[in-house]
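Some notes on the structure that comes next.
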Protein chains: 2
Amino acid sequence: MRQRSTAGTERLRRSNTGAVLRALRRLGPSTRVELARDTGLAKATVGVIVADLEEAGAVIEEGSRPGVRGRPGRPVALRGGRFLTLGLELNVDYVSAVVLDLAGTIVASSSRPGSAGEDLRDLARTTLSEHVGADTRLVGATLAVPGLVRGDNATVAWAPNLHVAWPGVSDLLETLVPGRRIEVSNDANCAAYAESHHGAAVGVAHSLYLTGTVGIGAGIVQDGEVMRGGAGFAGEVGHMPVGDSTALCGCGRRGCWEASIGLHAMLAAVDMVELDTPLRTAEAVAVRARTHPGVRAGLERVGRDVGLGLAMLSNVLDPEVVVLGGYFAPLGDLVLEPARRTLDERLPSQMQVRPDLRPSTLGIEAAALGAAERSFGPVFTGELELSA
Amino acid sequence: MRQRSTAGTERLRRSNTGAVLRALRRLGPSTRVELARDTGLAKATVGVIVADLEEAGAVIEEGSRPGVRGRPGRPVALRGGRFLTLGLELNVDYVSAVVLDLAGTIVASSSRPGSAGEDLRDLARTTLSEHVGADTRLVGATLAVPGLVRGDNATVAWAPNLHVAWPGVSDLLETLVPGRRIEVSNDANCAAYAESHHGAAVGVAHSLYLTGTVGIGAGIVQDGEVMRGGAGFAGEVGHMPVGDSTALCGCGRRGCWEASIGLHAMLAAVDMVELDTPLRTAEAVAVRARTHPGVRAGLERVGRDVGLGLAMLSNVLDPEVVVLGGYFAPLGDLVLEPARRTLDERLPSQMQVRPDLRPSTLGIEAAALGAAERSFGPVFTGELELSA
DNA sequence: CTCATTAAGTACGAGACTCAAACTAATGTC
DNA sequence: GACATTAGTTTGAGTCTCGTACTTAATGAG
């Protein structure tokens, strides 16, 4: 896992190694010839790169696939279990940790209530001690937070809902993985990244992730990359003036989208009370909706306002897929159907492909999973070299 | 201007050559040592690259800058006049052409009324014959159109306002520059690119361009790159539900932003009539506003609705700078001031830096200029090699 | 069973590139 | 005029990719 700064011919090798790794992630187990065709490199070059990766323990040769004429190819696959990343999430009322391996397998995934730096540190320590040992290499670690992260990917400029002294957390992180810098990233951006790599938007270049809790947040993926904006504020869509223009928002203004479709607005619409977590609350609402038409009507109203805002966002961003997470996921079509109808009404009829609205399939650990995946980013771009 | 497909060590050289060219564009005339410092390459490498570029005619050595201790550096600068690109625009009622050189100097820039393929071809032919000769090399050409361009950067999926048979234009282009493919691009995206390279958003990584004519369009620049969206529809913001929800839009729906701030809505607000072009119309409105409070009040209303939509866009995209073009440019602060006030009211107070609203400084040829600049893109990334 | 056929993977030499260090060149300072 | 200082070039070593030729491992026809 050396990080070299030389810009010599080794940079070319690292870049090509990244291309091979990306191809393996995309294609699954592949022979050297298949990798050569996909990457455009020469057979010989791929052979050398694969040999290096094998020695480093990053790929492993599988049994040959016979059946066709000629010498059978010997597929290589990304090797799981050896190179790991840690993804953490520190949220308002819970902390999560995910350990991911190079093959894309989720090695560990856990959450627990809590909101203090100590909770996070304990969870991370436990997770690390259980899954990271002498025969594994920790490639990187990323922490997802519900706040505005500066361009340095390390410090938080603004986190209104996080009642933790930031310098404290920052120090905790240093003690957690000594000598290794932990990147910090926005939670909605991480969740969007998770959806585009492991969730409902796999293989989609342009997607949008919308999460509903007390607040509303979005993560924008354009061409496979998370969009941050000038100050890291991109995707903070909760306070767009959308929906009921008289609804009072927590921010003091009226007419924010959040005031129409945030968790509390949804609960008011169905006349129910909040349980311990947004997900559990939404599950209870979904159950009650089966028997109570009034609840369905309330969700219909919420869904229309969701669709109204998505019409805005689709006009601006033109995503192929919109993934709805947070409390929207358990409610599924109860909210998505009216949203789709509103979207159909409001989108320009000439727009070729309406974005596909899908509920999130990842659970509460979505952001932590995305954080872990992001730590693999430098490996797949070739910035970071894997070594035994 | 060979385009090589080999992925050998020459790719590394091309990439490094691109880095040197970018540095020269950004820093202006620089010595080899300065370029080495900026790019991170070794002095020797920069020396070889600069020698190659000089032989190709892409850079030229300037007089030395003495005055300090030691051997004086001999700055090299991008050489204008030799490598050129052609930018074209085919719009509803005019056609434009811009010739740009490698140094970023606008060699030629002209517009004329017209909307047919023949008008475009004639203008392009004249421009080319006047400025592209035996001692110059045409690097590329790009055509900007008010419509939806497919991912192939060559064909148009949808251009409602363009009353030209598209296959016809496509054929015309082939005859124009034989053997060279002309890229096609969206006009708002081109104008946004022009503003970020030559206009009011130079040096800004995240900017937004908003143009007002009969319709409203936006171009989004994120990290210096134009954002296209899944189907090339990103930035088609005219039909977002913003502003007067009762206003009837040309699309048949009510409440589109365009119906509140499009040229016709603005004229209705100030009770004036349309002249031959949006720019000329807006100039007349600006003159009349000096003496007529009613006109100023009308523009105030339009400006507030501009600000309302920009609040949406800023929440989603977080741009550092918003450039307002089209009819907004001549009106300047008459529209921008109320827009700024509305933006201040509607943006989350925690947002660190409010986007800076600036009128466009580029005229009617903005899109054609951006189209020309885009043709230099592959040169500065190292995809396309300049050769004598 | 033998051998041609087919396709995957490897060995090797040529060519291109970057880099660090040594070297040359040009200027100001004392 | 010697010397310090900085710019740029030369040189030799080390890497990398590539095309070609070769080896290896399977199938199928006779």
Side-chain angles (χ1 to χ4, degrees), chain A residues 2 4-20 23-24 27 29-55 59-77 382 385 387, chain B residues 2 4-20 23-24 27 29-55 59-77 382 385 387:
Chain A
R2 277 169 307 178
R4 305 266 223 86
S5 56
T6 57
T9 52
E10 289 112 356
R11 198 184 71 183
L12 191 53
R13 163 60 64 91
R14 284 210 313 278
S15 152
N16 287 337
T17 302
V20 169
L24 282 170
L27 305 175
S30 315
T31 68
R32 292 159 180 80
V33 170
E34 287 165 347
L35 291 171
R37 263 199 296 272
D38 187 78
T39 58
L41 298 170
K43 271 199 303 180
T45 307
V46 173
V48 176
I49 289 174
V50 166
D52 282 1
L53 285 172
E54 199 169 7
E55 199 199 3
V59 303
I60 192 162
E61 211 162 70
E62 294 191 333
S64 68
R65 281 180 306 199
V68 288
R69 281 179 78 96
R71 174 176 171 175
R74 311 199 309 162
V76 291
E385 188 179 349
S387 63
Chain B
R2 277 169 307 177
R4 304 269 221 87
S5 57
T6 56
T9 52
E10 290 111 355
R11 197 183 72 182
L12 190 54
R13 163 60 63 92
R14 285 210 312 278
S15 152
N16 287 338
T17 303
V20 168
L24 282 171
L27 305 175
S30 315
T31 67
R32 290 157 181 80
V33 170
E34 288 165 348
L35 291 172
R37 262 198 296 271
D38 187 78
T39 58
L41 297 170
K43 273 198 306 178
T45 308
V46 172
V48 176
I49 289 174
V50 166
D52 282 2
L53 284 172
E54 198 168 10
E55 198 198 3
V59 303
I60 192 162
E61 211 161 70
E62 294 192 332
S64 68
R65 282 181 306 200
V68 288
R69 279 177 80 96
R71 174 175 169 175
R74 311 200 308 161
V76 291
E385 188 178 347
S387 64

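By convention in this document, chain letters (A, B, ...) are assigned in the order of the sequence lines, proteins followed by strands, and residues within each chain are numbered from 1.
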Discussion item. Quiz question: by atom type and distance under 3.5 Å, do the side chains of N16(B) and R11(B) form a donor-acceptor pair?
Written reply: no
Discussion item. Nearest heavy atom decides the nucleotide; on that basis, is A44(A) or T31(B) closer to the 5' end of DNA chain D?
Written reply: T31(B)
Item to complete: Would you please test T31(A) and V76(A) for side chain to side chain contact (heavy atoms under 4.5 Å, CB included) and show each step?
Response: CA-CA 6 Å; T31(A) 68; V76(A) 291; over 6 Å; no
Worksheet item: Under 4.0 Å between a side-chain N or O of R74(A) and OP1 or OP2 of dA25(D)?
Response: no
Worksheet item: Rounding to a whole Å, what distance do you find between R37(A):CZ and dC18(D):P?
Response: 16 Å
Worksheet item: Which one of V46(A), D52(A), L53(A) satisfies the side-chain contact (heavy atoms from CB on, under 4.5 Å) criterion with I49(A)?
Response: L53(A)
Practice prompt. Taking side-chain hydrogen bond (donor to acceptor under 3.5 Å, both in side chains) as the test, write out the residues that go with E61(B), two or more places apart.
Written response: R32(B), R74(B)
Using a cutoff of under 3.5 Å, can you pull out all pairs of nitrogen or oxygen atoms linking the protein to nucleotides 26-30 of chain D, with atom names and distances?
{"residue": "dG28(D)", "atom": "O4'", "partner": "R69(A)", "partner atom": "NH1", "Å": "3.3"}

Worksheet item: Quick one: does L41(A)'s side chain get under 4.5 Å of L35(A)'s, heavy atoms only?
Response: no
Fill in: Euclidean distance, atom NZ of residue K43(A) to atom C1' of dT24(D) [Å, nearest integer]
12 Å
Discussion item. Once rounded to the nearest 0.5 Å, what's the spacing between atom OG1 of T17(A) and atom CD of E10(A)?
Written reply: 11.5 Å
Identify the pairs formed between an N or O of the protein and an N or O of nucleotides 16-18 of chain C at a distance under 3.5 Å, and give each distance.
{"residue": "dT18(C)", "atom": "OP1", "partner": "N16(B)", "partner atom": "ND2", "Å": "2.8"}
{"residue": "dT18(C)", "atom": "OP2", "partner": "R13(B)", "partner atom": "NE", "Å": "3.1"}
{"residue": "dT18(C)", "atom": "OP2", "partner": "R13(B)", "partner atom": "NH2", "Å": "2.7"}
{"residue": "dT18(C)", "atom": "O3'", "partner": "A7(A)", "partner atom": "O", "Å": "3.4"}

Discussion item. Please report the distance, rounded to the nearest Å, between CG in D52(A) and P in dT15(D).
Written reply: 12 Å
Worksheet item: Can you find a pair of side-chain heavy atoms, one from S30(A) and one from L24(A), that are under 4.5 Å apart?
Response: yes
Practice prompt. Determine whether E54(B) and I60(B) make a side-chain contact, defined as any pair of heavy atoms from C-beta on separated by less than 4.5 Å.
Written response: no
Item to complete: Please state how far atom CG in L35(B) lies from atom P in dT9(D), giving the value in whole angstrom units.
Response: 12 Å
